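For reference, the structure is listed below as structure tokens.
Quick note: numbers below take in every heavy atom, side chains included, and nothing from hydrogens, waters or symmetry partners. Every value quoted in this text rests on a predicted model; they were computed, and no experiment measured them.
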Amino acid sequence: MLGPVILAASRSDRMRRLISAAPVTKQVVDRFIPGEDVDDIVPVVRDLADNGLELTMDVVGEDITSPAQAAAARDAYLELVDRLKPLELGTRAEMSVKLSMFGQALEGGHELALSNVRPVVEAAAEIGTTVTLDAEDHTTLDSMFAIHEELRKDFPQTGCVIQAYLFRTEADARRLAASGSRVRLVKGAYKEPASVAYQDKREIDRAYVRILRTLMEGEGYPMIGSHDPRLIAIGQELAHQAGRKLDEYEFQMLYGIRTDEHLRLAAEGHRMRVYTAYGTDWYGYFMRRLAEKPANLRFFARSMLTKG
């Protein structure tokens with residue numbers, strides 16, 4: 001029940017100021033966000049790659065209010081591509097982008113977001129890697145899927161994210177599974193109304209399994225975005241039933257959560273990609289991590305009480 005409250009707090013300027021000012025906040029945030037700029041993140045990329053892990057990198061920030069800010073977000077990703085190039089990791093280090101950062105919510109936002117994200121996708125392709133379009137709240141998804149379809153005309157490896165808690169997602173999965181695209185399935189981390197999304201965890205889990213089965217049986221490349229041990233085991237079984245080899249799907253988990261499991265899956269030969277965010281505008285990302293998993297909230301609250 002705390003999840004919706006935390007998600008509401010993620011949009012509160014008052015809560016942002018309160019949490020940002022807490023002395024312990026930076027220590028706790030560092031668990032999920034290992035740096036504020038590209039110089040911080042390059043050593044993290046090297047370390048994860050050296051341990052047999054793959055990455056998808058997210059420059060955090062969502063509250064874009066001007067075209068200039070959207071262009072700055074584009075440029076931050078272009079700088080990241082520039083720094084990845086000499087590492088020669090190819091698709092082992094890809095990028096995740098939220099189209100809200102590229103101006104999607106501004107006037108003329110659909111075309112603005114497309115014009116800003118395209119150079120990032122082009123630059124990624126030039127160094128042998130790709131980009132995944134993150135899913136945001138349900139009102140943005142038609143635009144995101146349309147941009148995804150447009151980008152795939154020239155860059156078919158461009159991925160997208162679907163969210164199990166939305167009623168529409170089973171139909172979206174059937175369409176995407178037949179297209180050969182790369183699809184990350186997550187449970188969902190935005191506050192959505194009961195008119196468009198399941199509210200009960202058991203219903204969300206059941207929807208996740210149904211959708212994952214569709215992806216595994218389709219022609220696309222499934223990316224299992226979950227930390228849930230049961231769903232991970234189900235994902236392995238569904239992959240086996242579909243006759244998929246270990247390099248025909250992958251697991252994805254967040255940086256700082258279940259790190260031992262990252263290494264275990266990689267050691268077993270699975271593709272294991274770590275979602276690694278960095279940047280100074282961390283508040284919204286951090287609050288959703290707390291909302292997704294009660295253990296994250298307990299970790300933060302305990303730290304506030306013992307070290308604040």
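Applying the side-chain hydrogen bond (donor to acceptor under 3.5 Å, both in side chains) test to His270 and every residue at least two apart in sequence or in another chain returns Gln236, Tyr249. Not counting sequence neighbours, the partners of Arg175 by the salt bridge (Lys or Arg N to Asp or Glu O under 4.0 Å) test are Asp172. In this structure, the side-chain hydrogen bond (donor to acceptor under 3.5 Å, both in side chains) partners of Arg83, at least two apart in sequence or on a different chain, are Asp39. The side chain to side chain contact (heavy atoms under 4.5 Å, CB included) search around Glu237 returns His240, Gln241, not counting sequence neighbours. Looking at residues two or more places apart in sequence or on another chain, you find no side chain to side chain contact (heavy atoms under 4.5 Å, CB included) involving Ala178. Residues satisfying the side-chain hydrogen bond (donor to acceptor under 3.5 Å, both in side chains) criterion with Ser96, sequence neighbours excluded, are Thr56, Arg184. Residues passing the salt bridge (Lys or Arg N to Asp or Glu O under 4.0 Å) test with Arg210 are Glu170, sequence neighbours excluded. For the side-chain hydrogen bond (donor to acceptor under 3.5 Å, both in side chains) test, residues two or more places apart in sequence or in another chain that qualify with Lys201 are Asp205. With sequence neighbours excluded, the residues satisfying side chain to side chain contact (heavy atoms under 4.5 Å, CB included) with Ala266 are Leu53, Met272.
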Problem set entry | Test salt bridge (charged side-chain N to carboxylate O under 4.0 Å, His left out) applied to Asp200 and Arg202, step by step | CA-CA 6 Å; Asp200 180 76; Arg202 290 169 297 181; 3.4 Å; yes

For this session: Determine, step by step, whether Glu219 and Ser179 satisfy the side chain to side chain donor-acceptor pair (under 3.5 Å) criterion, reporting the C-alpha distance in whole Å, the side-chain angles of both residues, the deciding distance to 0.1 Å, and the verdict.
Result: CA-CA 7 Å; Glu219 299 174 6; Ser179 71; over 6 Å; no

Exercise. Can Glu261 and Arg264 be said to form a salt bridge (charged side-chain N to carboxylate O under 4.0 Å, His left out), step by step?
Worked result: CA-CA 5 Å; Glu261 183 71 354; Arg264 182 188 73 81; 2.7 Å; yes

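Sorted by first and then second residue, the ring pair (Phe, Tyr, Trp, His ring centres under 6.0 Å) pairs with a member in residues 144-179 read Phe167-Tyr198; sequence neighbours excluded. Every pair passing ring pair (Phe, Tyr, Trp, His ring centres under 6.0 Å) that includes a residue from residues 98-141 is listed here, sequence neighbours excluded: Tyr77-Phe102. Listed by first then second residue, pairs satisfying side chain to side chain donor-acceptor pair (under 3.5 Å) with a partner in residues 113-131 read Arg74-Asn116, Arg118-Asp154, not counting sequence neighbours.
The shortest heavy-atom contact between Val131 and Ala124 is CG2-CB, 3.9 Å.
Using a 4.5 Å heavy-atom threshold, the side chains of Met95 and Val81 count as touching. Between Val38 and Tyr278, the closest side-chain pair of non-hydrogen atoms falls below 4.5 Å. In this structure, Leu231 and Lys187 have side chains that are in contact, with non-hydrogen atoms separated by less than 4.5 Å.
Classification of Asp58 and Lys98 as a salt-bridged pair holds, one side-chain N sitting under 4.0 Å from a carboxylate O. Looking at Lys245 and Glu248, no side-chain N of the basic residue comes within less than 4.0 Å of a carboxylate O on the acidic one, giving no salt bridge.
In this structure, Asp82 CG and Asp75 CG are separated by 11.0 Å, a value rounded to the nearest 0.5 Å. Within the model, atoms CG of Leu141 and CD1 of Ile162 stand 10.5 Å from one another, a figure rounded to the nearest 0.5 Å. A distance of 10.0 Å separates CD1 in Ile211 from CD in Gln163, rounded to the nearest 0.5 Å. In this structure, the separation between CZ on Arg258 and CZ on Phe251 is 11.0 Å, given to the nearest 0.5 Å. For the atom pair CG of Leu176 and CG of Leu215, the computed distance is 8.0 Å after rounding to the nearest 0.5 Å. Interatomic distance, CG of Asp40 versus CD1 of Ile33, reported as 12.0 Å (0.5 Å rounding).
The environment of CD in Glu88 is sparse: at most 12 heavy-atom neighbours from other residues, nucleotides or ligands sit within 6.0 Å.
Put simply, the side chain of Glu136 gets close to the backbone of Leu99: a donor and an acceptor are under 3.5 Å apart.
Looking at Ser226 and Asp228, their side chains never bring a donor and an acceptor atom within 3.5 Å of each other.
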